[in-house]
Amino acid sequence: TTNHLRHVESMASFPSGAGHISHLNAIILGESLASEEDDLVYPSHDFSRHALIPSPHEYLEMYKRSIEDPAGFWSDIALSEFYWKQRWGDQVYSENLDVNKGNIKIEWFKGGITNICYNCLDRNIDAGLGGKIALYWESNEPGFDANLTYSQLLHHVCQLANYLKSIGVRKGDAVVVYLPMLLELPITMLACARIGAVHSVVFAGFSSDSLAQRIVDCKPKVVITCNAVKRGPKTIHLKDIVDAALVESAKDGVSIDVCLTYENQSALKRESTKWQEGRDKWWQDVVPKYPTTCEVEWVDAEDPLFLLYTSGSTGKPKGVLHTTGGYMVYTATTFKYAFDYKESDIYWCTADCGWITGHSYVTYGPMLNGATVVLFEGAPNYPDSGRCWDIVDKYKYVTRYSRKSLRVLGSVGEPINPSAWRWFFNLVGGSSCPISDTWWQTETGGFMITPLPGAWPQKPGSATFPFFGVQPVIVDEKGNEIDGECSGYLCVKGSWPGAFRTLYGDHERYETTYFRPFPGYYFTGDGCSRDKDGYHWLTGRVDDVINVSGHRIGTAEVESALVSHPQCAEAAVVGVEHEVKGQGIYAFVTIVEGISYSEELRKSLILAVRNQIGAFAAPDKIHWAPSLPKTRSGKIMRRILRKIASRQLDELGDTSTLAEPGVVDQLIALADH
Ligand code: ATP
Ligand code: MG
């Protein structure tokens, strides 16, 4: 009780804008508890006991400090867990997030001199991790694999770094990387970081046009790729795509001196690869000739680390720029706590390094913690849909598909609906693994709202509470913060170390998109509601909010209701013009395999929404969708669905990040089915 009282007292002095705190406190105090309808899922006692943050008490204490004294909180972590060649100046951070007070500016640890590659590799090796496996690589073909210890990884990184220097790549130069999930991808990222070059990784599923656009944007000296890759049963000739992109970019006046090409023998022999003598170099012919040690290029914390494009779910992809020091501290810390990292863990993140998740939580976050990471080249359904569980078991050396080794599960990228959450929790995790449903963005660098497994009960479908140092606020249309149980626009108050610093070459778009809509705040573009216990529920993009007869309805809510129907596999809803209601709800649904779409099913899907949300949210139209248009990072592109729903077929917009263009035609054909 004394402990509880202490917390109640400390609440009195808590800064505003952290409304969730009092709610979470109520949960600790047992005032607002676990009724059936709350749907709280508690971590096991055993899990919590060993967790880094074992209860809300510890979280609250750290969170409180992180908000009241961000400089002290983050500099303590930065100094105790990382190597700095030289400490930053007097100011840990400086920021202006208010467009009315001048240009938007965010800086952390400015003047501090460090290197993220050194912190990932040399520092860990010096601490005795040289012989620890850094990367397990699992090929597309079961049975083919490889691995690298931290020391071996450092050798490879240094050889490439030396090669890059030899062809004139210097600090601040851009390097475009178009590689699949081979060991060479994290090696390349780390090698760039080692010499202060800025990597721009382009997901190796992008078309030559998209690649060309990104090359023109940052004008690299060198493009790094491989000749081909096998994804499932298909062979994709990446080098041909690069060749085509280089023809395009040359038309825009950007020509590349060197195209370094890794020979991926399992996919294609070098004899069968198209080649441009002079420009093209085989990785295996040149890189291994260089020394396995390479001096580090020490950089300022605010020197750029990488450039990366968003998924393009809501429009033309944005080129996000992250810098070194803040990003380093933030990704490492979020990784450690959100996954409750233990040294003996083998960690697998299925994201591709072509996306922010692969930057922060395949490469930098885990490596900074000296973790052992699994890198998977292939597809989750090849040779069959058991492949993921095969990999999980393989790296824990237990019998086929036992999944007994799993400890924490993760989810990211879109709101996870409660039905999917339960499947993941019960079936995959055997009802014993907390799920870290991490809400964040390419722009935020690292997790922003995330469960800390073991610390508090979860609610299926909620990303729960903010990470240390993050102040999420929900604002109304006019930009006023709203507290308590509420719903509105999700913004962030104050900066955090992992925040992006600009959109590459377009600081104006940066300010207009993110800081002008609600002056004084970072605007996320997402809708969010906060429930009576202070849990956060992401409701989808605000551009996608539907207004039916004055009721504002988030897409995620209606989609969750549809997907809770046992015969509905996936759903995407959009608004369409409606004479009476202003907007009507138009739902695209994918039915589970083996079931055929019928009038009866249509009615029962609508009923599911009426029952769970209310008659006002009942879809006006159900559009049967054998599959949905998605970005190459797997997100539903509702902006394209909106055009299909309103039959504005000549206005589909930027489709460059669409994974399978054929899906759009299929949907159009089924429009009046
Ligand atoms: P673009 O900005 O080009 O439209 P994008 O926003 O999809 O693309 P990302 O940065 O890859 O590009 O994705 C971030 C977005 O993904 C968030 O703004 C949010 O809408 C969604 N998201 C990510 N994680 C979660 C999560 N755990 N729960 C709900 N939504 C999430
Ligand atoms: Mg976005």
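Ligands are counted one by one from 1 in listed order, and the atoms in each one are counted from 1 as well.
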Hydrogens and angles aside, do S633 and S311 bring a side-chain donor and acceptor to less than 3.5 Å of each other? yes
Within the heavy-atom cut-off of under 4.0 Å, ligand 1 is lined by T310, S311, G312, S313, T314, K318, V412, G413, E414, P415, D437, T438, W439, W440, Q441, T442, E443, D526, L538, R541, K635
Between W108 and S495, is there a side-chain donor-acceptor contact under 3.5 Å, judged purely by atom types and distance? yes
Please enumerate all residues that pass salt bridge (charged side-chain N to carboxylate O under 4.0 Å, His left out) together with R552, with sequence neighbours excluded. E477
Under 3.5 Å, is there a donor-acceptor pair between the T464 and W456 side chains? yes
Option among F500, Y327, F203, F306 that satisfies the ring pair (Phe, Tyr, Trp, His ring centres under 6.0 Å) test with H359: F306
Would you mind checking if E651 and K643 are paired as a salt bridge, meaning a charged N to carboxylate O distance below 4.0 Å? yes
